[in-house]
Amino acid sequence: MRRLIIAIDGPVGSGKSTVARRVAELLGYTYLDTGAMYRALAWKALARGVPLDDAAQLEALAADTRIDLQARPDGMHVRVDAADVTRAIRAPEVSEATSRISVYPGVRRRMVAEQQRVGRRGGVVMEGRDIGTVVFPQAGLKIYLDATVEVRAERRLRELESRGESTTLEELIEDVRDRDRRDKSREASPLVRAPDAVLVDNSAMDVEETARLIVLLARQITGPKARTARRRAEGRKKPARQSKPARRRPSQGKGRKLKPRGRRRK
Ligand code: DC
């Protein structure tokens with residue numbers, strides 16, 4: 001069966017990571033969280049004291065950094081060079097720094113090249129902000145995942161609370177709005193919906209429902225009907241089927257005979 005590149009883009013809190021991971025699991029695909037790559041670099045920039053507005057130094061840092069992502073049953077594990085930064089990259093100051101360093105084209109070029117290397121063979125669910133527009137504009141299925149600002153802020157609140165961090169919903173609504181503004185207005189690869197992306201608003205859907213909807217869309221593309229349609233579009237004929245001798249139905253010929261219906265006796 002054809003193995004797709006599935007691009008899932010969308011703003012913060014739209015549930016991309018959990019949904020993408022579940023889609024990958026259901027289809028047996030590889031999952032790649034591209035935000036984790038930008039986060040890993042931001043973590044290293046903070047650790048090394050690289051100024052977050054120095055594009056040249058940040059690009060050099062990106063060239064000199066090895067980022068490994070490993071999907072495990074308990075989630076995505078992230079390593080920068082040799083250090084395990086899985087938890088550290090989710091800290092609020094790293095989120096803030098990531099949003100600042102990801103505006104530089106030189107940094108993005110490095111990340112995009114690595115993402116294309118990982119996904120080029122297909123069978124991958126990649127989530128981020130620019131997957132359907134820049135990384136894989138030819139992706140077989142593009143999803144733009146969205147939800148209202150309030151719902152996204154509530155999800156962030158639950159996520160932070162589960163990690164023992166305290167904040168308020170009002171603060172997070174502001175934070176989500178800020179990050180949307182930055183992601184959508186930056187010059188390099190702003191967050192936009194690709195014209196051919198399917199818009200999925202999951203404000204009233206849970207992870208499982210959203211993931212299964214995406215799997216359904218993927219199967220429409222890779223399923224037998226889609227294959228026939230593709231062949232037709234490509235002008236190829238379906239290979240001729242070997243004709244089999246017609247099978248006799250059991251009621252034909254020697255088999256069971258229907259009894260003539262007699263009149264019912266009263
Ligand atoms: O999806 P996330 O919250 O982990 O993303 C962290 C930051 O990285 C966010 O500010 C947007 C940025 N990012 C990006 O610019 N391009 C991507 N493909 C993925 C994330």
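Note that ligands are numbered from 1 as they come in the structure, with each ligand's atoms numbered from 1 the same way. Note that the structure is predicted; figures quoted are calculated from it, not measured. We're numbering straight along the sequence, starting at 1. Hydrogens, waters and symmetry mates play no part in the numbers below; they use all other heavy atoms, side chains included.
Of the heavy atoms in D183, only side-chain atoms (C-beta onward) come closer than 4.0 Å to ligand 1. By the criterion of a heavy-atom distance under 4.0 Å, the side chain of R179, and not its backbone, is placed next to ligand 1. At a 4.0 Å heavy-atom cut-off, ligand 1 touches R186 through the side chain alone.
Between the side chains of S95 and R90, no donor-acceptor pair is found at a separation under 3.5 Å.
Salt bridge annotation for D9-R129: absent, with no cationic side-chain nitrogen under 4.0 angstrom from a carboxylate oxygen. Note on D178 versus R181: salt bridge recorded, some NZ/NE/NH1/NH2 to OD/OE distance being below 4.0 Å. Using a cut-off of 4.0 Å between Lys/Arg side-chain N and Asp/Glu carboxylate O, D33 and R39 are scored as not salt-bridged. Taking 4.0 Å as the cut-off between side-chain N and carboxylate O, R109 and E114 do not count as a salt-bridged pair. Ion pairing of R212 with E208 is present here, as a side-chain N (NZ or NE/NH1/NH2) and a carboxylate O approach within less than 4.0 Å.
For ligand 1, one of its N or O atoms has an N or O atom of R39 under 3.5 Å away. For ligand 1, the polar-atom distance check against E127 finds no nitrogen or oxygen pair separated by under 3.5 Å. Looking at Y38 next to ligand 1, no N or O pair under 3.5 Å apart turns up.
For ligand 1 and S99, the ligand atoms under 4.0 Å from any heavy atom of the residue are 10 (O). Listed by atom number, the atoms of ligand 1 under 4.0 Å from T98 heavy atoms are 6 (C), 7 (C), 8 (O). Below 4.0 Å from some heavy atom of S102 lie the following atoms of ligand 1, by number and element: 12 (C), 15 (O).
Considering each of K16, R108, R129, the one bringing a non-hydrogen atom nearest atom 2 (P) of ligand 1 is R129.
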